[in-house]
Amino acid sequence: MTTDNIQKERIAKRMARAGLCSRREAERWIEAGRVSINGRKLEAAAFTVDQNDKITVDGNDIPALERPRLWRYHKPPGLVTSHKDEKGRDTVFDKLPEELPRVISVGRLDLNSEGLLLLTNDGELARRLELPATGWKRKYRVRVHGHPKEADLQQLAKGLTIDGVRYGSIEGTIDSSKGANSWLTISLREGKNREIRKVMEHLGYTVSRLIRISYGPMSLGDLRPGAVEEVKSKILRDQMGVEKFEDDKEAPKKGQRPPRGKRTMVNFKKQNSSPKPASNGWKRPTLKARSAAKRTD
């Protein structure tokens, strides 16, 4: 993804790589007459640009390309995964630290879902990580009302069709049952809108809590609700095939302090080797959950 290797690319892709929006949204902006190339309003998205073209949106230059970056974010329940919400509800992006650049999410978690959400400044990277062809497994801890049987898990593994929508094979294991509720671990590779809630409801079990604990090689780990931690560039290159950006600088050597004023993401794993219970009652997903009577989704 270095600028030296870029010859020509579609304008929508260039806008996505700048972190402005998705390719699809870029095409809508072009149709609305918001995008200009070298001073001329663009009339169609079928247009290619290079690094020498001057691109503006609403009269403002689009950001220069930066190295692709990725963050792990622990989404709490009650936030919408959207930059704007028509109902005026709080969004994920309202609650992010101010020092983060403009980011977009890799996929979504619905309002009442929680756990790992990946954020990036590169729309093209987000698109790549969302594609089912990437083959990344998304794993969830799920609390349901009722006691699923092995026969239910076999139906999930075969795939289900609900209201004309086909849901592919879903892996599920029953972790525990206590009282009226059960905890399961569910894994899938293509997350359609509210997929887990819909398939479990179809089987007769209402989901009362849903926590994403991993997305491909990225895991939630000990990241606390609302916390953000950047993924190292080396992992982006090794795990995601992101090419080394021309402005990448070597990380400080062991024992060497970063330059003054350089922001460092907090590593909760190192600082909290023996985590204490949070004051808001949060418990790690692998621990026994709070009872449904104390909180409803």
Side-chain angles (χ1 to χ4, degrees), residues 1-6 9 12-23 25-26 51 55 57 60-75 79 81-83 91-109 115-131 134 136 138 212 214-253 256-271:
M1 292 190 180
T2 62
T3 53
D4 288 341
N5 293 333
I6 297 174
E9 63 182 346
K13 181 177 180 180
R14 172 66 178 84
M15 291 168 64
R17 293 183 63 222
L20 289 177
C21 53
S22 67
R23 285 195 197 183
E25 192 173 5
Q51 58 265 38
I55 306 167
V57 176
N60 300 313
D61 293 345
I62 71 170
L65 288 178
E66 297 181 356
R67 69 176 178 88
R69 299 170 70 187
L70 186 72
W71 290 265
R72 296 184 305 123
Y73 169 65
H74 187 154
K75 177 192 175 297
L79 297 180
T81 310
S82 174
H83 283 275
T91 75
V92 164
F93 303 98
D94 293 333
K95 302 300 181 180
L96 294 177
E98 292 183 0
E99 55 266 35
L100 250 66
R102 187 187 188 282
V103 294
I104 57 178
S105 64
V106 178
R108 292 172 178 257
L109 286 174
L116 181 64
L117 183 66
L118 298 181
L119 306 171
T120 179
N121 66 334
D122 190 304
E124 190 62 21
L125 177 60
R127 177 177 177 273
R128 189 197 313 174
L129 300 185
E130 289 171 356
L131 291 173
T134 304
W136 274 11
R138 303 103 188 261
R212 184 192 280 161
S214 67
Y215 193 115
M218 305 295 126
S219 63
L220 181 63
D222 294 330
L223 205 61
R224 303 232 177 217
V228 184
E229 185 174 273
E230 186 166 5
V231 176
K232 294 180 180 179
S233 296
K234 185 177 187 303
I235 295 177
L236 293 184
R237 295 194 294 268
D238 294 348
Q239 299 284 349
M240 302 165 209
V242 174
E243 296 178 13
K244 190 169 184 178
F245 198 72
E246 61 180 1
D247 291 335
D248 277 352
K249 295 181 175 63
E250 292 185 6
K253 296 179 181 178
Q256 178 182 346
R257 293 189 178 211
R260 182 179 294 276
K262 194 77 173 176
R263 179 172 173 266
T264 303
M265 304 304 294
V266 178
N267 189 328
F268 286 99
K269 220 175 224 185
K270 291 182 179 179
Q271 290 196 357

Once salt bridge (charged side-chain N to carboxylate O under 4.0 Å, His left out) is applied, do any residues pair with R127, and if so which ones, sequence neighbours excluded? E124

Please identify each residue that fulfils salt bridge (charged side-chain N to carboxylate O under 4.0 Å, His left out) with D94, with sequence neighbours left out. none

Looking at [atom1] of [X] and [atom2] of [Y], how far apart are the two atoms once the value is rounded to the nearest 0.5 Å?
X    : Y    : atom1 : atom2 : answer
M240 : T120 : CE    : OG1   : 9.0 Å
W136 : L131 : CH2   : CG    : 11.5 Å
M218 : E229 : CE    : CD    : 11.0 Å
I55  : M15  : CD1   : CE    : 8.0 Å
R69  : L100 : CZ    : CG    : 7.0 Å
S82  : I104 : OG    : CD1   : 12.0 Å

Side chain to side chain contact (heavy atoms under 4.5 Å, CB included) partners of [X], counting only residues at least two apart:
X    : value
A12  : R23, A26, E27
D61  : K54, T56
T81  : K75, V92, S105, R108, L109, L117
Q239 : P217, I235

By the definition side-chain contact (heavy atoms from CB on, under 4.5 Å), identify the one residue from V106, L96, V231, L70 that meets it with L119. L96

Any donor and acceptor pair, going by atom type alone, linking the side chain of [X] with main-chain N or O of [Y] inside 3.5 Å?
X    : Y    : value
N121 : R67  : yes
R212 : L116 : yes
Y215 : L129 : yes

Contact summary for Y73 and V228, nearest pair of heavy atoms: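 Closest heavy-atom pair between Y73 and V228: CD1-CG2, 3.5 Å.
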
